[in-house]
Amino acid sequence: MPELPEVETIRKSLSGSICGRKILNLRLTKPKLLRGQKVVKVKSRVINTKILAVDRRAKYLILRLNKGMLVLHLGMTGQIFVASENRMKNKNIFKLPDKHTHFQLELSGGKSLYFRDTRQFGRVRFLENHEEHDYFKNIGPEPLEKQFKSDYLYQSIKQRSTNLKAVLLNQKVVAGLGNIYVDEACHAARVSPLLSGKRISLSQARSLYRAIRNVLQKSIKYRGTSISDYRDPDNNQGGFQNRLQVYGRAGQKCKRCGSIIKKAVVAQRGTHWCAGCQK
DNA sequence: CGTATTGTTTTGCC
DNA sequence: GGGCAAAACAATAC
C-alpha cells in the first residue's frame with residue numbers, strides 16, 4: 001500500500017544513500033517483475049551505469065542513470081532496502097536477500113538495493129530517456145505541484161458519474177492517491193466518498209483540494225503510514241498511522257463529531273467514513 | 001479453510 | 001469507442 005507519501009519518503013532516503021554510486025551487478029530472481037522486458041536487455045543497459053538522481057512520479061520511483069532510467073513500482077507489498085550484507089546480518093531483522101527478494105542492485109561502496117515484494121504486484125522497467133513521456137502519459141498531475149489547481153479538480157470530478165472514491169483513486173485524475181489517503185482526504189474535507197462525482201459543489205471541491213494537499217504533506221512529514229508492510233529503506237516504520245482519522249477506525253468514534261465511523265466496500269475498496277460529518 | 005487485504009492492467013458490457 | 005464496473009493477479013494474516 002505504498003502511496004505518494006511512502007514513495008516520497010523512500011525517494012528522499014535513496015537520494016541520500018545511492019546517488020553517485022555505480023551499478024556493478026543486477027540480480028533478478030523473478031523475471032516476471034519486468035512484465036515482459038528481457039532480463040538480458042535490462043542487464044546490458046543497467047550494469048556499469050551510474051545513478052545520478054532518484055525521482056518520483058505518482059507512486060513510481062525513478063532511478064536516473066547516466067543513460068536511461070530504472071522505473072520501480074512497489075505494488076501493494078513492495079519494499080526497498082539499502083544495506084551492506086554484513087550490516088544486514090548484524091541487525092536483528094530478516095536476512096537479505098530472502099525468498100521474497102526478487103531484485104537486487106549491487107552498488108559500488110559495498111551496498112546493495114533490494115526489492116522485496118511478497119505479493120508480487122510490483123514491477124521494474126528500464127526506460128530509455130525518450131520513452132519516459134509515453135510511459136507516464138496516462139497519469140494526472142502531481143497533487144503537491146502548482147500545476148495542480150482546484151478548478152481542474154472540480155471539473156474532473158464533476159464530469160464523472162462515478163462516486164468520489166473511484167474518481168480520486170483514478171491516477172488519471174490526480175497522481176499518487178491510494179486507498180488510505182482518499183479516505184483521509186474525504187474526511188478532512190467533510191465530503192462523503194459515496195457522493196456521485198457530478199453532484200459535487202465548487203466549495204466541496206475546493207475543500208477536497210486543500211485536504212488532499214494537506215493530508216499528503218502531513219504524511220510525508222511523518223514519513224508515511226506503516227499499517228502492515230511499509231518500511232523505509234533503513235527498515236524504519238512511518239509515523240502517520242497514529243494520526244489517521246478514519247482509515248482502519250471502523251466502529252470507533254469520529255474524532256471530530258463523535259459519530260461511529262462506518263466501513264463498506266466502495267469502488268471495490270474497503271472505505272471508511274463518518275456519516276455524521278461527511279456529506 | 002474461508003475471508004479480507006489493494007494498485008494496476010485487462011476484460012467486457014452498455 | 002468512451003465510460004464505467006468488475007475480474008485478475010498474488011501471498012499472507014486471521
Side-chain angles (χ1 to χ4, degrees), chain A residues 1-10 29-37 56-62 71-80 94 97-103 115-125 127 134-140 142-143 155-186 193-200 212 216 219 224-231 237-238 240-241 244 246-251 261-273:
Chain A
M1 312 184 304
E3 305 177 34
L4 187 152
E6 291 75 37
V7 180
E8 179 61 16
T9 303
I10 293 170
T29 50
K30 278 272 193 301
K32 193 185 70 171
L33 206 57
L34 293 176
R35 297 297 194 276
Q37 255 192 338
R56 179 189 57 74
R57 176 77 173 99
K59 302 171 192 170
Y60 293 84
L61 278 169
I62 303 172
V71 178
L72 283 59
H73 194 291
L74 301 178
M76 286 167 48
T77 56
Q79 302 169 314
I80 302 279
F94 55 85
D98 69 349
K99 72 164 178 170
H100 296 299
T101 307
H102 310 309
F103 175 87
F115 189 129
R116 191 173 179 276
D117 185 11
T118 54
R119 302 269 294 273
Q120 300 174 41
F121 278 18
R123 55 190 59 205
V124 172
R125 190 165 192 89
L127 296 182
D134 227 34
Y135 190 74
F136 293 118
K137 69 175 188 289
N138 290 326
I139 303 218
E142 284 292 324
Q155 296 300 336
S156 300
I157 296 170
K158 200 166 180 59
Q159 75 186 76
R160 283 162 223 256
S161 57
T162 42
N163 55 51
L164 197 51
K165 177 84 178 199
V167 176
L168 296 178
L169 284 173
N170 184 344
Q171 301 297 295
K172 194 164 188 171
V173 172
V174 51
L177 294 176
N179 205 33
I180 296 174
Y181 297 107
V182 168
D183 284 4
E184 291 298 311
C186 285
L194 287 78
L195 181 73
S196 165
K198 58 192 172 200
R199 298 176 69 98
I200 200 160
I212 288 168
L216 294 176
S219 181
T225 302
S226 291
I227 301 281
S228 52
D229 297 285
Y230 173 67
R231 298 293 183 277
Q237 293 204 15
F240 200 66
Q241 63 277 8
L244 296 173
V246 283
Y247 187 89
R249 298 193 66 246
I261 304 293
K262 293 192 170 186
K263 183 180 180 189
V265 174
V266 180
Q268 295 182 287
R269 293 291 177 262
T271 299
H272 314 70
W273 79 99

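Keep in mind that what you see is a predicted model, and the values were worked out from it rather than measured. The figures here come from the full heavy-atom set of this structure, side chains too, leaving out hydrogens, waters and symmetry mates.
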Beyond-backbone contact of A:Asn179 with A:Lys165, side-chain heavy atoms, under 4.5 angstrom
yes
In whole angstrom, give the distance that lies between atom CG of A:Asp117 and atom C1' of C:dT12.
12 Å
Report yes if a side-chain nitrogen or oxygen of A:Tyr247 is closer than 4.0 Å to either non-bridging phosphate oxygen (OP1 or OP2) of B:dT5; otherwise report no.
no
Using atom P of each nucleotide, how far apart are B:dT11 and C:dA10 to the nearest Å?
14 Å
Rounded to whole angstrom units, what separation is found between the CZ atom of A:Phe121 and the P atom of B:dT10?
14 Å
Does A:Lys262, at its NZ atom, have more than 12 non-hydrogen atoms belonging to other residues, nucleotides or ligands within less than 6.0 Å?
no
Need to verify one output field. Residue with the more 5' nearest nucleotide on DNA chain C, A:Ser161 or A:Arg269?
A:Ser161
Any A:His100 side-chain nitrogen or oxygen under 4.0 Å from OP1 or OP2 of C:dT12
yes
Does A:Lys99 place a side-chain N or O at less than 4.0 Å from the phosphate oxygens OP1/OP2 of C:dT12?
yes
Test for a donor-acceptor pair under 3.5 Å between the base of C:dA11 and the side chain of A:Gln120, counting only N and O atoms.
no
Could you state the atom-to-atom distance from CG of A:Leu169 to C1' of C:dA6 in whole Å?
14 Å
Indicate yes or no: at least one non-hydrogen side-chain atom of A:Thr29 is less than 4.5 angstrom from one of A:Thr101.
no
Sugar-phosphate only, base, or nothing, as touched by A:Gly270 at under 4.0 Å among non-hydrogen atoms:
sugar-phosphate
For atom CG of A:Leu168 and atom P of B:dT6, their distance in whole Å:
16 Å
Whichever of A:Arg123 and A:Met76 has its nearest DNA chain B nucleotide further upstream toward 5':
A:Met76
Would you indicate, yes or no, if C:dA10 has its OP1 or OP2 atom less than 4.0 angstrom from a side-chain nitrogen or oxygen of A:Lys32?
yes
Distance, rounded to the nearest Å, where A:Asn138 contributes CG and C:dG2 contributes P
12 Å
I need the CD1-P distance between A:Ile180 and B:dT6, as an integer number of Å.
8 Å
Between P of C:dC4 and CD1 of A:Ile157, the distance in whole Å:
13 Å
Let me spell it out: for each of A:Tyr135 and A:Arg119, pick the nucleotide of DNA chain B with the closest heavy atom. Which residue's pick is nearer the 5' end?
A:Arg119
Rounded to whole Å, please give me the gap between CD in A:Glu3 and P in B:dT6.
9 Å
A:Arg123 CZ to A:Leu72 CG distance, which is reported to the nearest 0.5 Å:
11.5 Å
Mind checking the OG-CG spacing from A:Ser219 to A:Leu244? Nearest 0.5 Å is all I need.
8.0 Å
Among B:dT8, C:dA10, B:dA4, which nucleotide sits nearest the side chain of A:Lys263?
B:dA4
OP1 or OP2 of C:dA5 sitting under 4.0 Å from any side-chain N/O of A:Gln268?
no
